[in-house]
Structure formats: C-alpha cells, structure tokens
Amino acid sequence: MRHFLLPILFAVAVAGCSSKSDTSTAQSNSADTNERPKVALIMKSLANEFFSTMAEGAKTHQSQHADEYELIVNGIKDERDLSRQVALVDEMVAAGADAIVIAPADSKALVPSLRKAINKGVVVINIDNQLDAEVLASEGVTIPFVGPDNKAGAKQVGDYLAGKLAAGDKVAILEGIRTSFNAQQRLAGFEASMKAAGVEIVSSQSAEWEMAKANSIAASILSEHPDIKAILAANDSMALGAIAAVKSAGKTGEVLVVGFDNISAVQQAIRDGKILATADQYGDKLAVFGIETALQLVNGETDQPSDVETPVDLVTAESL
C-alpha cells in the first residue's frame, strides 16, 4: 500500500548549508537523551545543495521536536563513494542508532549492509533513491521507500519542455549514476515525454550527477550535434553544468535546459531565463518524511511498514 503526503503535513524551515563534512550531530538542550530514539540520517554528497538542504531541514525538524528524538546527520563527500556510505551504516549501528534513514548512493550495493542493520533490530527507511526490489528480495528484507515518483516528475519536466519544441527537433540527456534507481526513472520519464512529442534524442550520457562532468559532456555534445534544441539534465547540478557549456558555445537562448531538484541556484537561473524548468521534490522535507515514518515504527505506532509517496511538482518561471 502506498500513501501520499502533502507538503503541508510537515512544516520545516529551510536554511542554507555549506558544510561538506562527513558527520554532524544535531544537539538537544534536553538533559535526558537516553530515553529518546536515536535516528541516523545517511545521505549522499553534502557538496550537492539538494542534500545540504535536506540535512538542514532534518536538523530544523529535530530542534522543533528535541524531546522526541535524537538526530545524527551523515553525508559522503562524493556520490560515488559507496564504501564510505556502507561504512557509515555500520558505524551508525555500532553507535546505537534505533533507526537509519538513508538516501543510498547505489540502489543495490547498500542492501547487504542494511540487511545486517535490520537483523540487529534497527529500523531502516529508504529515501530519495529507491533500493532495488530484486536485491531486497534476494536478501530477504523489506525496506519502506519514502520518496517521490521520479519518473512522473521527470515526465512533467519533459512534457513542459516538449511544449517549446517541434516534432523532429533533437535533444540530449544528461543522466545520473546509472546504477541508481532514481536516475533510471528520471531517464525513463524524459524518454517517455520526448517520444510522445516526436522529439529525437541524439545523445544520452551519464554525468554521474556532477556539475563539472556535465559541463564537459554537454560541451562535447554541443560540438558533435550543433543543431540540438535542448538538454535534459537528471539533476540541477548537471543542469548548471549544461548551461555553462551552452554559454561557452555561444548558444544561450538557442538551447533550452531543464533539470530536477529545484535547488536555489536553479531557481535564480529559471528567473534569469537560463533554465526552462525543474522538478521540486521538496528536499527540505524529504528526510523529515523519512524520519517521521521511522519514528512511527520505532515507537510502535505501526507494525505495517509501507511505501510513502511524497510530492513532486513542476517548477517554471510562472510558478516561482
């Protein structure tokens, strides 16, 4: 069974974050910390604004509910650093975490370590990037996914872009890390919208969520396919890399760029007309959705863990 959470269910203040450290802990003024559940939030790269915003949203929520739970916030420096994220899972179990809320860098590689955590009595909630169903089944575990429908979100963005294109136009796609389910789903959403519009995808390459790599790949695509009309980036960091490449190629205003995540830098780029659209999956609230679900299980409010579908909405200049 899937549930849908409206954004108003959780009021979370958004704050900027420039920390790139591996670990930070939300402190409480409460003298008695032993009776409160300990929740560990394990994310991907804190160098990505989306995840730093997620971390700040979680810390704000904990400060507003300091008597209800203790929070430990962790992040890896590089989204491809799977070994470090696996190590963080083990470290949080050793630290006595009652629950782990994780945005896995890979949909398959983290499952065995999470199974070990579950076997030790730790509640595990999956956010942002959904774990692979076949691997979960092979490991004999069920882990609820709390997050948006990435395919539907990408299709919203792609459909909006398609309205600015003509049948037969050529576009390129910048994919995320291909072993990540959310990257696969965003690619599928982009492909579906372009196919429906009769638009040709002349290149689809992975820039692994990274701005610099996206800039390099986009520059190469623009050189090889000077007639493309748009670049669809599977996250906003890659979209920013793409618009820099478009500018360097002297094609600003000629090549449209879309993204996914709605980070603040992209909001400004949309206002400036440099990016056409993005998708908002409410990064400041996403970890909170997962934390709330984890606490329900830890506190025995439910013994039937289920997936929770969270909002994802199209963001354009008209909606900002």
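Starting from 1, each residue takes its place in the sequence as its number.
Residues I291 and A58 approach most closely at CD1-CB, 3.9 Å, considering heavy atoms. The two residues S193 and G158 have their closest heavy-atom pair at OG-CA, 3.2 Å. Across all non-hydrogen atoms, the minimal contact from A279 to G153 is CB-O, 4.1 Å. Shortest non-hydrogen contact noted between R84 and E91 is NH1-OE2, 2.7 Å. When all heavy atoms are compared, the tightest approach of L165 to M194 is CD1-SD, 4.4 Å. Considering every non-hydrogen atom in both V101 and A287, the closest pair reads CG1-O, 4.4 Å.
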| task | Begin from the C-alpha positions of D261 and T278 and carry the test side chain to side chain donor-acceptor pair (under 3.5 Å) through to its verdict. | result | CA-CA 6 Å; D261 278 342; T278 188; over 6 Å; no
| task | Test side chain to side chain donor-acceptor pair (under 3.5 Å) on Q281 and T310 and set out the steps. | result | CA-CA 8 Å; Q281 57 175 325; T310 59; over 6 Å; no
| said: Is there a side chain to side chain contact (heavy atoms under 4.5 Å, CB included) between V246 and L222? Walk through the geometry before answering. | reply: CA-CA 8 Å; V246 169; L222 289 165; 4.1 Å; yes
| query | Given K170 and H225, is the side chain to side chain contact (heavy atoms under 4.5 Å, CB included) satisfied, shown in steps? | reply | CA-CA 9 Å; K170 298 176 180 180; H225 303 281; 5.7 Å; no
| message | Applying side chain to side chain contact (heavy atoms under 4.5 Å, CB included) to Y69 and L295, what does each step give before you reach the verdict? | response | CA-CA 8 Å; Y69 71 101; L295 289 173; 3.6 Å; yes
| Taking it one step at a time, do Q130 and N126 satisfy side chain to side chain donor-acceptor pair (under 3.5 Å)? | CA-CA 7 Å; Q130 191 165 6; N126 172 203; 5.7 Å; no
| field | Residues K59, Q62; criterion side chain to side chain contact (heavy atoms under 4.5 Å, CB included); working and verdict | value | CA-CA 5 Å; K59 291 175 184 178; Q62 192 278 335; 5.7 Å; no
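Taking a 6.0 Å sphere around CD of E134, one finds it holds 12 or fewer heavy atoms contributed by other residues, nucleotides or ligands. Annotation for K108: atom NZ does not count as buried by contact number, only 12 or fewer foreign heavy atoms lying within 6.0 Å.
Under the 4.5 Å side-chain heavy-atom criterion for grouping Ile, Leu, Val, Met, Phe, Trp and Tyr, M211 is connected to V255 within one hydrophobic cluster. If you chain together hydrophobic residues whose side chains sit under 4.5 Å apart, Y160 and L256 fall into the same group. Hydrophobic clustering (ILVMFWY, side-chain heavy atoms < 4.5 Å, transitive): V141 and V93 are in one cluster. Under the 4.5 Å side-chain heavy-atom criterion for grouping Ile, Leu, Val, Met, Phe, Trp and Tyr, L240 is connected to V315 within one hydrophobic cluster. Residues V73 and V298 fall within the same hydrophobic cluster, defined by Ile, Leu, Val, Met, Phe, Trp and Tyr side chains chained together at heavy-atom separations under 4.5 Å.
A distance-only check finds no donor-acceptor pair linking the side chain of S306 to the backbone of P144 [under 3.5 Å]. In this structure, E79 contributes its side chain and E208 its backbone to no donor-acceptor pair below 3.5 Å. At least one donor-acceptor pair closer than 3.5 Å links the side chain of D236 to the backbone N or O of I263. At distances below 3.5 Å, at least one donor-acceptor pair connects side-chain atoms of S138 with backbone N or O atoms of V135. S45 places a side-chain N or O within donor-acceptor distance of the main-chain N or O of K77, the cut-off being under 3.5 Å. For S223 (side chain) and A219 (main-chain N/O), no donor-acceptor pair under 3.5 Å exists by modelled atom type. Panel note: side chain Q205, backbone E175; no donor-acceptor pair is recorded below 3.5 Å. No donor-acceptor pair closer than 3.5 Å links the side chain of S216 to the backbone N or O of K213. Formation of a donor-acceptor pair under 3.5 Å by the D78 side chain with backbone atoms of R80 is found in this model. Between the side chain of E224 and the backbone N or O of S203 there is no donor-acceptor pair closer than 3.5 Å.
Once rounded to the nearest 0.5 Å, the distance linking CD1 of I275 with OG1 of T316 reads 13.0 Å. To the nearest 0.5 Å, the span separating OG on S248 from CD1 on I243 amounts to 10.5 Å. With rounding to the nearest 0.5 angstrom, the CD1 atom of I231 is 6.0 Å from the CG atom of L174. To the nearest 0.5 Å, atoms CG (N74) and CD (Q85) are separated by 9.5 Å. In this structure, D90 CG and L114 CG are separated by 9.5 Å, a value rounded to the nearest 0.5 Å. Here the CG-NE2 distance, from D284 to H61, works out to 12.0 Å after rounding to the nearest 0.5 Å.
At least one side-chain heavy atom of S107 sits under 4.5 Å from a side-chain heavy atom of N129. Put simply, the side chain of M54 reaches to within 4.5 Å of the side chain of I127, judged on heavy atoms. Here the side chains of V124 and R115 are not in contact, with every heavy-atom distance at 4.5 Å or above. The closest side-chain heavy-atom distance from W209 to I177 is below 4.5 Å. A heavy-atom distance below 4.5 Å is not found between the side chains of I102 and L88. Put simply, the side chain of I42 reaches to within 4.5 Å of the side chain of M92, judged on heavy atoms. Counting only heavy atoms from C-beta outward, the side chains of M43 and F50 never approach each other to under 4.5 Å. Residues L232 and F260 form no side-chain contact, since every pair of their non-hydrogen atoms from C-beta on lies 4.5 Å or further apart.
Results of the side chain to side chain contact (heavy atoms under 4.5 Å, CB included) test with N182 over L187, N235, D128 single out D128 as the only residue that passes.
A salt bridge does not link E191 to K151: none of the charged side-chain nitrogens sits closer than 4.0 Å to a carboxylate oxygen.
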